Amino acid sequence: MTLGPGLFQRAVSVSGDFDGDGKVDVAVYRPYGQGSSWYIRQSSTGSMLAFSFGQWDDKPVSGDFDGDGKTDAAVFRASNGTWHWLRSSDAVYSTAQFGLSGDEPVSGDYDWDQKTDLAVFRPSTGEWHLLRSTEGYLGIQFGTNGDVPVQGDYDEDGRTDVAVWTPSTGRWHILRSSDSAQMEEYWGGSSSGDIPVPSAFNR
C-alpha cells in the first residue's frame with residue numbers, strides 16, 4: 001500500500017537543541033497529508049511545542065541553518081530535491097533547490113562556520129554534493145551503491161566528515177576533514193538487523 005496525503009505514516013525521532021539551552025530536546029516528526037507535524041519537548045521549560053511543517057513524503061532534517069544556536073525545523077523533499085526550513089531566529093520560511101529526486105539528505109556543518117550546510121548523498125553513484133554556507137560547493141566521490149551515509153564529526157575538528165557504512169560487511173569508511181585521510185572500522189552488520197548511529201569517534 002502506498003501512503004499518500006490524508007494517511008498517517010509512522011512518526012520518526014528528530015534530535016536537536018530546539019530551544020538553545022545546550023541540551024538535546026526530545027522531538028518527533030509525524031508525517032500526515034499536507035501538514036506534517038512536529039512535537040518538541042523543550043528541555044529548558046519542560047513544555048511541549050507543536051506545529052505543522054512539511055508534507056507527507058518529506059524527510060525531516062535536523063540542523064541550525066541560520067547559526068543562532070538553535071535547531072531549525074527543516075525537511076528535504078526527495079521527490080524534487082528541494083529543502084525547506086523554518087529559521088528559529090526570525091520564524092522566516094526559507095527554501096532552496098539542491099539535489100535530485102532519490103537523493104538522501106546528509107546535512108551538517110562541513111565548513112566549520114556554525115551553520116548547517118545543505119548536502120545530499122546520491123545512493124546510485126556514491127556521490128556527495130555539499131553546498132557549504134561559507135566555502136561554497138564541493139562534490140566528492142565516496143561510497144558505492146548500497147552504502148548508507150553516516151556523516152559526523154569523527155575527528156573532533158568541528159567539521160562534519162563524509163562517511164559511509166556498508167551493511168553487508170559492517171564497514172565504516174570515514175574521510176577525515178582534518179587531514180583528508182581515510183579511516184576504516186568494522187562494527188555491526190545487516191545480518192543482525194543493525195542500524196548505524198554515527199557519533200564522535202575517539203581513538
Side-chain angles (χ1 to χ4, degrees), residues 1-66 68-89 91-109 116-123 146-153 160 163-165 167 188-190 192-200:
M1 175 180 176
T2 301
L3 292 175
L7 296 177
F8 278 108
Q9 295 188 54
R10 186 171 60 182
V12 295
S13 61
V14 283
S15 61
D17 180 10
F18 292 90
D19 54 8
D21 66 349
K23 299 178 181 179
V24 173
D25 302 310
V26 174
V28 295
Y29 172 79
R30 187 169 297 159
Y32 180 71
Q34 298 300 313
S36 298
S37 298
W38 296 69
Y39 299 91
I40 301 166
R41 184 66 177 268
Q42 297 174 305
S43 55
S44 58
T45 63
S47 61
M48 187 184 74
L49 178 65
F51 56 91
S52 294
F53 189 77
Q55 297 181 358
W56 71 274
D57 56 347
D58 289 344
K59 296 183 178 181
V61 181
S62 293
D64 181 7
F65 293 89
D66 53 6
D68 69 344
K70 298 180 180 181
T71 299
D72 305 310
V75 295
F76 175 69
R77 196 154 295 158
S79 60
N80 58 16
T82 57
W83 295 72
H84 306 263
W85 65 98
L86 188 63
R87 298 192 315 216
S88 54
S89 57
V92 171
Y93 168 80
S94 300
T95 185
Q97 171 71 49
F98 189 73
L100 301 175
S101 176
D103 286 350
E104 292 288 337
V106 287
S107 54
D109 185 3
T116 298
D117 304 312
L118 306 184
V120 296
F121 173 72
R122 196 153 293 155
D147 285 346
V148 177
V150 286
Q151 76 278 10
D153 184 7
T160 300
V164 295
W165 182 67
S190 59
S192 301
D194 292 340
I195 298 173
V197 183
S199 185

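Below, each value reflects all heavy atoms present in this structure, side chains not excepted, and no hydrogens, waters or symmetry copies. None of the values given here were measured: they were computed from a predicted structure.
- Aromatic ring pairs are classed by plane angle as parallel below 30°, tilted from 30° to 60° and perpendicular above 60°; the pair Tyr93 and Phe53 is perpendicular.
- Ring planes of Trp83 and Phe76: tilted class, angle from 30 to 60°.
- Checking Thr95, Asp57, Asp58 one by one against Arg77, the side-chain hydrogen bond (donor to acceptor under 3.5 Å, both in side chains) holds for a single residue, Asp58.
- Atoms OG and CD, from Ser79 and Gln55 in turn, are 7.5 Å apart once rounded to the nearest 0.5 Å.
- Taking each heavy atom of Phe98 and Ala119 in turn, the nearest pair found is CE2-CA, 4.1 Å.
- A salt bridge does not link Arg41 with Asp25: none of the charged nitrogens is closer than 4.0 Å to a carboxylate oxygen.
- In this model, a donor atom of one side chain and an acceptor atom of the other lie less than 3.5 Å apart for Asp66 and Ser89.
- Judged by distance alone, the side chains of Gln97 and Thr82 never bring a donor and an acceptor atom under 3.5 Å apart.
- With contacts defined as side-chain heavy-atom distances shorter than 4.5 Å, the pair Phe18/Val26 does not qualify.
- The closest side-chain heavy-atom distance from Val28 to Val12 is not below 4.5 Å.
- In terms of heavy atoms, Val120 sits closest to Asp103 at CG2-OD2, 3.5 Å.
- Considering only heavy atoms from C-beta on, Trp165 stays 4.5 Å or farther from Pro149 through its side chain.
- Inter-residue side-chain proximity for Phe51 and Ser37 is flagged as unmet; no heavy-atom pair is nearer than 4.5 Å.
- Within the 3.5 Å criterion, the main-chain N or O of Asp194 finds no donor-acceptor partner in the side chain of Ser192.
- Closest of all the heavy-atom pairs between Ala11 and Pro31 is CA-CD, 4.2 Å.
- Formation of a donor-acceptor pair under 3.5 Å by the Asp72 side chain with backbone atoms of Ser88 is found in this model.
- Between Trp85 and Leu118, some side-chain heavy-atom pair lies under the 4.5 Å cut-off.
- Salt bridge Glu104/Lys59: present, at least one basic N to carboxylate O contact under 4.0 Å.
- Put simply, the side chain of Ser94 does not reach to within 4.5 Å of the side chain of His84, judged on heavy atoms.
- At distances below 3.5 Å, at least one donor-acceptor pair connects side-chain atoms of Ser190 with backbone N or O atoms of Pro167.
- When only modelled atom types and interatomic distance are considered, Ser43 and Asp21 share a side-chain donor-acceptor pair under 3.5 Å.
- Side-chain atoms of Asp64 come within 3.5 Å of backbone atoms of Gly69 as a donor-acceptor pair (strictly under, hydrogens ignored).
- The minimum heavy-atom distance between Val150 and Pro196, with the atom names listed, is CG1-CB, 3.6 Å.
- Remark: the backbone N or O of Ser15 is paired with a side-chain donor or acceptor of Ser62 at under 3.5 angstrom.
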